[in-house]
Amino acid sequence: MRWARASGSRRPPAEPDGQAPDRPGKPRPQVRRRAWLAAGVAFVAAVAAAAGSRGFLASHHGGLPVIGQVIPAVQRPAAPLISGTTLTGRHLNIASWRGHTVVINFWGSWCVPCRKEASVLWRVANDTQPLGVHFAGIDIREGPAAGLAFERHYHIPYPSLSDPDDLIGATFGPAAPVATPSTYILDARGRIAWAWFGATTYPQLESAVAGIALR
């Protein structure tokens with residue numbers, strides 16, 4: 001069906017339903033309304049998901065009094081005895097570091113957030129070394145070769161225990177990791193003084209480590 005010439009007075013014929021035909025590049029009002037509605041629903045869903053994840057970390061304490069905050073000394077649960085073989089084949093007993101603040105990080109080379117977090121851990125380990133802080137990783141759900149390649153790539157300066165069967169986390173009982181990565185800070189008496197499930201940041205971790213080491 002052809003349009004009338006621009007100079008003529010005739011209007012384009014109406015569609016069978018009495019509505020004007022669509023104009024190229026200009027969607028119908030109802031189409032625009034549907035697009036805005038879909039966008040609004042997607043936005044609300046995204047906000048709800050983000051709030052839900054924050055609420056999970058805030059409300060799911062994993063058997064601990066708080067997550068992401070230094071636990072008061074009288075409420076700190078004892079950490080399990082952790083020992084095993086490192087990625088380089090040496091025996092490591094975390095209890096031998098008693099008297100020092102200890103940072104334990106559960107990770108895996110297959111874990112994308114762990115790759116982003118590696119530089120954070122490296123920096124905090126380096127900056128808190130004068131405080132006598134010790135770091136140890138727990139490489140889970142993979143063989144030593146993959147974990148060792150990860151450590152060399154990211155220049156991790158501290159040892160990691162190889163835990164391909166993911167058994168060490170279970171020894172934390174109700175306070176076991178609920179995400180990868182997960183990080184714990186043990187005080188000088190071997191008690192859990194801080195924990196975070198998910199990737200941590202430099203300000204968050206450095207502040208917690210220093211606060212516990214200096215008390």
Side-chain angles (χ1 to χ4, degrees), residues 49-87 91-98 100-118 120-121 124-125 133-144 146-147 150-151 156 158-201 204-209 211-213:
S53 63
R54 289 195 299 269
F56 173 80
L57 290 176
S59 62
H60 191 99
H61 292 163
L64 298 172
V66 291
I67 296 296
Q69 300 177 31
V70 175
I71 301 172
V74 295
Q75 295 180 280
R76 296 174 184 176
L81 298 177
I82 303 172
S83 64
T85 303
T86 68
L87 295 174
H91 179 74
L92 174 62
N93 184 358
I94 302 299
S96 66
W97 292 342
R98 192 66 55 84
H100 298 270
T101 299
V102 178
V103 178
I104 304 292
N105 177 257
F106 287 82
W107 63 276
S109 66
W110 45 266
C111 163
V112 174
C114 297
R115 301 169 197 164
K116 298 179 180 180
E117 188 186 51
V120 170
L121 294 165
V124 178
V133 178
H134 291 271
F135 275 65
I138 311 292
D139 179 25
I140 63 173
R141 292 183 291 192
E142 64 184 357
F150 178 95
E151 282 199 333
I156 304 300
Y158 50 82
S160 284
L161 295 174
S162 178
D163 186 19
D165 297 320
D166 197 10
L167 300 177
I168 295 177
T171 65
F172 280 74
V178 296
T180 306
S182 283
T183 303
Y184 298 81
I185 303 176
L186 313 185
D187 64 17
R189 294 173 58 181
R191 301 173 300 180
I192 300 175
W194 184 91
W196 183 255
F197 303 139
T200 186
T201 64
Q204 181 186 39
L205 184 59
E206 193 276 338
S207 175
V209 172
I212 294 166

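Phe197 and Pro177 make their closest contact through CE2-CA, 3.9 Å (heavy atoms, listed as atom of the first residue, atom of the second, distance). The nearest pair of heavy atoms linking Glu151 to Pro159 is OE2-C, 4.1 Å. When all heavy atoms of Trp196 and Gly68 are compared, the closest pair comes out as CE3-CA, 3.6 Å. Nearest approach of Ile185 to Ala208, heavy atoms of both residues: CD1-CB, 3.7 Å. Ile71 and Pro65 make their closest contact through CG2-CG, 3.8 Å (heavy atoms, listed as atom of the first residue, atom of the second, distance).
Residue pairs that meet the salt bridge (Lys or Arg N to Asp or Glu O under 4.0 Å) test with at least one member in residues 108-117, sequence neighbours left out, do not exist here. Sequence neighbours left out, the pairs with a member in residues 169-185 that pass side-chain hydrogen bond (donor to acceptor under 3.5 Å, both in side chains) are Asn105-Thr183, Arg141-Thr180.
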Considering only distance and modelled atom types, tabulate donor-acceptor pairs under 3.5 Å from the side chains of residues 77-87, sequence neighbours left out.
{"residue": "Thr86", "atom": "OG1", "partner": "Thr88", "partner atom": "N", "Å": "3.3"}
{"residue": "Thr86", "atom": "OG1", "partner": "Thr88", "partner atom": "OG1", "Å": "3.0"}
{"residue": "Thr86", "atom": "OG1", "partner": "Gly89", "partner atom": "N", "Å": "3.4"}
{"residue": "Thr86", "atom": "OG1", "partner": "Arg90", "partner atom": "N", "Å": "3.1"}
{"residue": "Thr86", "atom": "OG1", "partner": "Arg90", "partner atom": "O", "Å": "3.3"}

Would you list the atom pairs, donor with acceptor, under 3.5 Å between side chains in residues 163-170 and any protein atom, with sequence neighbours excluded?
{"residue": "Asp163", "atom": "OD1", "partner": "Asp166", "partner atom": "N", "Å": "3.3"}
{"residue": "Asp163", "atom": "OD1", "partner": "Leu167", "partner atom": "N", "Å": "3.0"}
{"residue": "Asp163", "atom": "OD2", "partner": "Leu167", "partner atom": "N", "Å": "3.0"}
{"residue": "Asp163", "atom": "OD2", "partner": "Ile168", "partner atom": "N", "Å": "2.9"}

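Atom CD1 in Ile94 sits 8.0 Å away from atom CG in Leu186 (nearest 0.5 Å). The OG atom of Ser162 sits 10.0 Å away from the CD1 atom of Ile138 when rounded to the nearest 0.5 Å. The distance from atom CG of Leu64 to atom CZ of Phe172, rounded to the nearest 0.5 Å, is 9.5 Å. Atom CD1 of Ile140 sits about 12.5 Å away from atom CG of Leu161, to the nearest 0.5 Å. Within the model, atoms CD1 of Ile104 and CZ of Phe135 stand 10.0 Å from one another, a figure rounded to the nearest 0.5 Å. One distance of note links CH2 of Trp194 with OG of Ser207; it measures 9.5 Å at 0.5 Å rounding.
Here Trp107 pairs with Phe150 under the ring pair (Phe, Tyr, Trp, His ring centres under 6.0 Å) rule; sequence neighbours left out. In this structure, the side chain to side chain contact (heavy atoms under 4.5 Å, CB included) partners of Ala73, at least two apart in sequence or on a different chain, are Arg76, Arg191. Residues forming a side-chain hydrogen bond (donor to acceptor under 3.5 Å, both in side chains) with Gln69 (at least two apart in sequence, or on another chain): none. Residues satisfying the side chain to side chain contact (heavy atoms under 4.5 Å, CB included) criterion with Glu206, sequence neighbours excluded, are Val124, Tyr202, Ala210. Under the rule for a side-chain hydrogen bond (donor to acceptor under 3.5 Å, both in side chains), the partners of Thr200 that lie at least two apart in sequence or sit in another chain are Gln204.
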| query | Passes side chain to side chain contact (heavy atoms under 4.5 Å, CB included), Val133 versus Val102? Steps please. | reply | CA-CA 6 Å; Val133 178; Val102 178; over 6 Å; no
